[in-house]
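Read through the structure below, which is laid out as structure tokens, and then see the notes.
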Amino acid sequence: MSETTPAAAEAAATEPFRYGATLAAEIESRWQDIWEKEGTFNAPNPAGALADPAAGDVVSKPHSFIMDMFPYPSGAGLHVGHPLGYIATDVYARYQRMTGHNVLHTLGYDAFGLPAEQHAVATGQHPRITTEAAMANMRQQLRRLGLGHDPRRSIATIDPEYYRWTQWIFLQIFNSWYDQEAGEGGKARPIAELIAQFESGEREVPGGGVWAELSAAEREELLGEYRLAYSKEVPVNWCPGLGTVLANEEVTADGRSERGNFPVFKSNLRQWMMRITAYSDRLIADLDLLDWPEAIKLQQRNWIGRSEGARVDFAVGSGSAITVFTTRPDTLFGATYMVLAPEHALVDSIVPAAWPAETHEDWKGGAATPAEAVAAYRAEAAAKSDVERQVDAKVKTGVFTGAYATNPVSGEPVPVFVADYVLMGYGTGAIMAVPAHDHRDFAFARAFALPMRCVVQPTDGRTDDPSTWDDAFDTYDSVIVNSAHDDLSLDGLSVVEAKAAATEWLAGQGIGEGTVNYRLRDWLFSRQRYWGEPFPIVYDADGVMHALPESMLPVEVPVVEDYSPHTYDPFDSTSSPKTPLSRNEDWVNVELDLGDGVQTYRRETNTMPNWAGSCWYELRYIDPANGEKVVDPANEQYWLGPTAQKPGGGADLYVGGAEHAVLHLLYARFWHKVLHDLGHVSSVEPFHKLFNQGMITADVYRDERGFPVPAAEVEESGDGRYFWNGEAVKREAGKMGKSLKNAVAPDEIADEYGADTLRLYEMSMGPLDVSRPWDTRAVVGSYRFLQRLWRNIVSEATGELVVTEEEPDEATLRALHKAIDGIRGDMAGLRFNTAVAKAIELNNFLVKRGSTPRSVAEQIVLMVAPLAPHIAEELWRRLGHDGTLTYTDYPVADPAYAVAEAVTCVIQIKGKVKARLEVSPAITDAELEALAMADPAVVAAIGDAPVRKVIARAPKLVNIVTG
RNA sequence: GCCCCGGUAGCCCAGCGGUAGAGGCAGUGGUCUCAAACACCAUCCAGCGUGGGUUCGAAUCCCACCCGGGGCACCA
């Protein structure tokens with residue numbers, strides 16, 4: 001496509017006053033320069049360096065903080081799918097400016113992370129060089145689109161002045177603990193307050209020690225159990241192929257790394273964690289404050305996975321007990337066996353020396369003693385990667401431990417198994433199995449010939465004998481049966497009632513209590529990478545951890561020769577991570593005075609994950625140059641503070657892809673809440689309204705071998721078949737990208753038609769939240785619209801204005817105000833596709849009219865301005881206005897003209913259209929009915945049939961029911 | 001397997017109880033042109049995924065199913 005000479009450019013060469021690619025390019029670059037030079041989109045702050053005395057009383061002006069999801073600057077350059085959201089937020093931001101809002105809209109770069117590092121390793125260039133080049137390239141590409149960003153606020157996460165605050169927030173989190181007793185639902189408090197409680201004896205030191213007598217190492221160990229950021233040996237996701245550990249959220253359902261698709265293994269390693277689980281309840285509850293798509297809220301709720309249930313102790317052996325978590329205490333009488341996770345600590349202590357008499361052969365796993373059987377099974381489970389465990393999930397495996405526990409309600413002995421379908425990381429790592437009413441337990445019980453007991457009355461026609469069942473019966477909507485003994489009877493109670501009754505009884509017996517359990521785990525926060533934020537943490541000669549004081553921030557990423565990660569064979573589960581930063585002894589060993597005189601310390605060599613920088617960037621957009629504080633409270637309050645419309649506060653609009661539903665959005669909410677608890681921000685949520693834009697897809701053409709061929713070179717034959725170089729190829733839908741050879745760059749489209757055309761086309765393709773295919777051929781439609789708009793106002797022959805000075809007639813006013821009314825609503829509701837259609841409709845009206853009154857021209861220019869700002873600015877100037885239209889009021893519809901003067905009323909007989917009438921929109925039902933019944937066509941159609949009923953819905957419809 | 005979202009003209013999409021069509025692309029015919037491209041004018045095209053139901057009336061509401069896209073998936 002790019003090889004052919006743009007036809008429009010040729011035309012422009014011969015017709016210099018015509019709106020073609022050449023004229024569009026000239027207009028666009030000129031206005032982009034003006035906006036930049038005049039700082040048109042600079043938003044004044046209430047306080048600090050970005051406050052503007054000339055802006056007047058900023059605080060009393062309504063604000064609108066509009067954000068795009070933090071882009072990662074890819075070295076590959078943009079395709080037309082990337083800017084979809086950026087154009088949409090720009091259109092909305094421009095509309096907001098024209099309706100009196102102080103608009104904060106900018107775009108920064110999330111520039112730390114794995115891809116940049118991998119790219120650097122591949123090309124041999126330092127990640128800072130490649131990343132900064134990619135950012136410059138992306139800025140250049142985006143500038144051409146005319147996005148109205150405040151350039152003073154465009155931060156980058158790799159800037160030391162930015163990441164010093166990322167490290168500062170880390171220190172806030174590190175130096176905090178979650179006080180469950182504080183406020184409603186608890187809150188984060190400074191760790192110093194906890195230490196004071198231990199010192200004074202107000203709070204008992206766990207383990208019974210005395211604080212003053214503990215060593216520094218012991219104190220730090222203890223505080224690690226409280227800190228919201230802590231370092232601990234935990235089972236983590238180790239990915240040898242990437243050479244780093246990963247958060248649960250970065251591992252796919254089939255046990256592979258989201259990035260790179262390498263196998264991931266469970267490994268016990270000392271790593272940094274964030275205690276996000278302390279916020280589980282608040283992260284769920286505060287979703288109610290947010291204007292987010294329900295689907296995203298649902299995904300967050302599911303990810304956090306709150307379940308209410310009970311902890312129950314099952315006595316085993318003499319004196320010890322296995323504690324299980326269950327959501328179904330109502331089915332306690334149906335618990336016929338138990339299962340421990342292979343890693344469960346109690347396994348060793350309950351295993352007897354020999355198999356009990358009459359132990360089922362299938363339960364022994366072929367071993368001579370229970371200890372052998374358990375050891376063999378554990379070894380087998382440990383060697384499995386998550387992938388294998390996933391693949392094997394359909395078949396239930398396990399072995400009998402040889403031990404029996406006692407069902408606390410039935411008093412019956414229940415065998416205790418070890419099986420990997422029970423996960424150590426959830427609940428207590430142990431379950432009571434109720435095979436009659438749980439699918440997994442049912443499958444296991446069938447495999448091991450375990451007894452089942454039906455305790456919930458089946459309601460689907462099956463008998464109450466589980467031996468005849470094909471699967472468990474797990475409905476909640478039924479009543480409990482077979483569940484009674486001397487002082488507890490659940491029989492006849494509903495499931496919900498029985499849960500409460502059973503929990504209450506257990507608590508009374510001291511063997512259980514109601515509890516809430518979460519699927520969410522603490523967030524693994526360290527990575528073994530070079531290209532990330534270093535931790536502001538050092539270790540002294542005794543290995544005791546010290547946080548650096550604020551004055552020593554930022555801890556800069558050292559400039560080194562060798563920044564490559566230590567990667568391994570992707571399948572080598574025995575390997576262990578090594579940090580790239582540890583190679584650099586000069587940097588690792590550091591002389592510092594942390595209050596005890598100058599001493600040698602070793603730096604923490606892990607780095608923070610990619611998510612760290614994007615967890616708080618909304619705050620820095622607000623106050624990018626603040627050297628004293630993360631954000632000035634006056635500015636935070638103004639832009640993010642809670643209001644009647646947004647009870648939790650947060651940015652007014654946040655647009656981005658749905659793929660960040662749980663990762664970024666959950667982490668950012670968590671950090672924001674910590675900062676709120678510690679008094680740094682007034683808002684409790686970072687993003688009030690979230691909008692997920694759809695994807696732009698593109699046709700992919702594959703040859704016989706299935707390889708993609710360059711989509712731009714494919715030709716369509718008349719009969720709907722496709723050819724490339726004469727060879728038949730197959731068409732399918734796909735993502736846009738280099739690998740599928742179907743990427744279209746925004747620059748190509750801007751070259752041929754101008755950026756305004758590209759913006760308009762992207763906005764008119766369909767609703768913003770729906771994915772839709774790119775069609776280069778269709779772009780010309782948006783171009784023609786702009787040409788017609790231009791022609792309605794400026795002569796193509798002379799470049800002179802052609803608007804008339806007449807007063808618009810009534811029909812024109814009606815068309816105009818109908819358009820204003822509709823477009824305003826569409827703009828406010830982010831329905832840009834229909835807004836464009838209405839603008840085209842009005843413009844087409846003006847074309848047919850033959851001339852355009854000046855007042856109408858001005859209003860249509862203003863209406864189109866958010867969508868196609870360059871041509872609008874140019875026409876506005878040519879219409880005789882000085883300066884930018886950015887802050888000119890958006891047209892307001894006159895209600896007198898916004899309704900049609902006459903409407904067509906349809907007359908139906910039994911739902912079939914028989915006649916039409918032109919009536920006033922103000923007509924009453926009775927008048928309309930009378931008119932309809934008098935209509936000759938209607939009279940004829942009714943004939944002799946009796947009229948049973950007449951439905952009149954003024955002014956559009958009358959339906960006559962006969963017969 | 002479970003949970004979301006979507007199926008309207010050849011294509012992208014409006015309409016979301018009341019005439020199936022706002023807008024765009026493509027197609028067809030014409031104007032312009034020596035021809036063509038561009039542009040302009042005109043025009044063709046679907047009964048709304050399928051099957052039931054509610055209603056005077058259903059693309060629109062309800063139920064079931066089919067197809068496409070996304071998410072979750074031994075979480076006790």
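Note: hydrogens, waters and symmetry copies are ignored here, and every other heavy atom, side chains too, is used. Lettering follows sequence order; numbering is per chain, from 1.
Straight-line distance from the CD1 atom of A:I860 to the P atom of B:G23: 14 Å, rounded to whole Å. The nearest whole Å value for the distance from the CG atom in A:N302 to the C1' atom in B:A76 is 16 Å. In this entry the distance linking CE of A:M763 with P of B:C13 reads 14 Å, nearest Å. Between A:F845 atom CZ and B:A22 atom C1' there is a gap of 16 Å when expressed in whole angstrom units. Rounded to whole Å, atom C1' of B:A76 lies 13 Å from atom CE of A:M424. Following rounding to the nearest Å, A:L789 (CG) and B:G24 (C1') show an atom-to-atom distance of 16 Å. Computed from coordinates, the A:F442 CZ to B:G1 P distance equals 18 Å when rounded to whole Å. Remark: P of B:G70 and NE2 of A:H660 are 16 Å apart, rounded to the nearest angstrom.
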Table of protein N/O atoms under 3.5 Å from nucleotides 7-12 of chain B N/O atoms:
from: B:C12; atom 1: O2'; to: A:M765; atom 2: O; distance (Å): 2.9

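Side-chain proximity of A:T326 to B:C41, B:A76, B:A14: nearest is B:A76. You'll find that the side chain of A:A837 is closest to B:G23, out of B:G23, B:C25, B:G71. Among B:A76, B:C74, B:A39, the nucleotide with an atom closest to any side-chain atom of A:Y426 is B:A76. Checking B:C72, B:A76, B:C4 against the side-chain heavy atoms of A:A295 singles out B:C4 as nearest.
Once rounded to the nearest 0.5 Å, the distance linking CZ of A:R784 with OG1 of A:T757 reads 11.5 Å.
Here the separation of B:G68 from B:C12, taken at their P atoms, is 16 Å to the nearest Å. Taking the P atoms as reference points, B:U8 lies 26 Å from B:G57, given to the whole Å. Look at the C1' atom in both B:C65 and B:G71: the space between them is 22 Å, to the nearest Å. Nucleotides B:C41 and B:C32 are separated by 15 Å at their P atoms, to the nearest Å. One P atom belongs to B:G52, the other to B:U60, and the distance between them is 14 Å to the nearest Å. Taking atom C1' in both B:A36 and B:C48, the straight-line distance is 41 Å, to the nearest Å. A distance of about 23 Å separates the P atoms of B:G49 and B:C3, rounded to the whole Å. Atom C1' of B:U55 sits at a distance of 10 Å from the matching atom of B:C61, rounded to the whole Å.
Under a 3.5 Å cut-off, the side chain of A:R953 and the backbone N or O of A:I951 do not form any donor-acceptor pair. Judged purely by atom type and a 3.5 angstrom limit, A:K914 has no side-chain atom pairing as donor or acceptor with the backbone of A:V938.
Closest-nucleotide positions on RNA chain B for A:F325 and A:E294 were compared, and the one nearer the 5' end corresponds to A:E294. Take the nearest nucleotide of RNA chain B for A:P767 and for A:G425: the residue whose nucleotide is more 5' is A:P767.
The phosphate of B:G24 (OP1 or OP2) has a side-chain N or O of A:R788 nearer than 4.0 angstrom. For the pair A:R784 and B:G23, the criterion of a side-chain N or O lying under 4.0 Å from OP1 or OP2 is not met. Remark: A:N833 is not in phosphate contact with B:A22, judged by side-chain N or O atoms under 4.0 Å from OP1 or OP2.
Pairing for B:G68 goes to B:C5, judged as Watson-Crick or G-U wobble with the two contacts each under 3.5 Å. Both distances falling under 3.5 Å, in either a Watson-Crick or a G-U wobble arrangement, place B:A39 opposite B:U31. Look at B:C13: its Watson-Crick or wobble partner, with both distances under 3.5 angstrom, is B:G21. Partner assigned to B:U60 is none, using Watson-Crick or G-U wobble distances below 3.5 angstrom. For B:C44, there is no paired base (Watson-Crick or G-U wobble, both distances below 3.5 Å).
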All N/O donor-acceptor pairs, side-chain side in residues 331-338 of chain A, below 3.5 Å, sequence neighbours left out:
from: A:T331; atom 1: OG1; to: A:R328; atom 2: O; distance (Å): 2.8
from: A:T336; atom 1: OG1; to: A:P451; atom 2: O; distance (Å): 2.7
from: A:Y337; atom 1: OH; to: A:Y421; atom 2: OH; distance (Å): 3.1
from: A:Y337; atom 1: OH; to: A:D441; atom 2: O; distance (Å): 3.1

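A:V847 comes within contact range of the sugar-phosphate backbone alone, with a heavy-atom separation under 4.0 Å but no base atom that close. Residue contacts for A:I431: at a heavy-atom cut-off of 4.0 Å it reaches a base atom on one of the strands shown. Backbone-only engagement by A:V780 is indicated by non-hydrogen atom pairs under 4.0 Å involving sugar-phosphate atoms exclusively. Backbone-only contact: A:K848 has heavy atoms under 4.0 Å from sugar-phosphate atoms and none from a base. A:R301 comes within 4.0 angstrom of nothing in the nucleic acid, heavy atoms only. Residue contacts shown for A:D769 are absent, as no nucleic acid heavy atom lies under 4.0 Å away.
Of all heavy-atom pairs between A:M424 and A:E343, the closest is CB-OE1, 3.5 Å.
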| Stepwise, does the side chain to side chain contact (heavy atoms under 4.5 Å, CB included) test hold for A:L760 with A:M763? | CA-CA 5 Å; A:L760 206 58; A:M763 291 302 98; 5.8 Å; no

| request: May I have the step-by-step check of salt bridge (charged side-chain N to carboxylate O under 4.0 Å, His left out) for A:E513 and A:R311, ending in yes or no? | output: CA-CA 5 Å; A:E513 57 174 345; A:R311 281 177 196 252; 5.3 Å; no

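Looking at A:R521 and A:Y426, their side chains come closer than 4.5 Å, going by heavy atoms from C-beta outward.
At a cut-off of 3.5 Å, with distance as the only test, a side-chain donor of A:T397 or A:Y377 sits close to an acceptor on the other residue. Side-chain polar atoms of A:N843 and A:N792 form a donor-acceptor pair below 3.5 angstrom.
The aromatic rings of A:Y783 and A:Y19 lie tilted to each other, with the angle between the two planes from 30° to 60°.
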| request: Produce a footprint string for nucleotides 53-60 of chain B: one letter per nucleotide, 5' end first; B if the base is under 4.0 Å from any protein heavy atom, S if only the sugar-phosphate is, - if neither. | output: ---B----

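B:G47 shows a glycosidic angle within 90° of 0 and is accordingly assigned syn.
A:I960 pairs with exactly one of A:M933, A:R948, A:Q908 by the side chain to side chain contact (heavy atoms under 4.5 Å, CB included) rule, that one being A:M933.
Between A:W303 and A:Y518, the distance from one ring center to the other does not fall under 6.0 angstrom.
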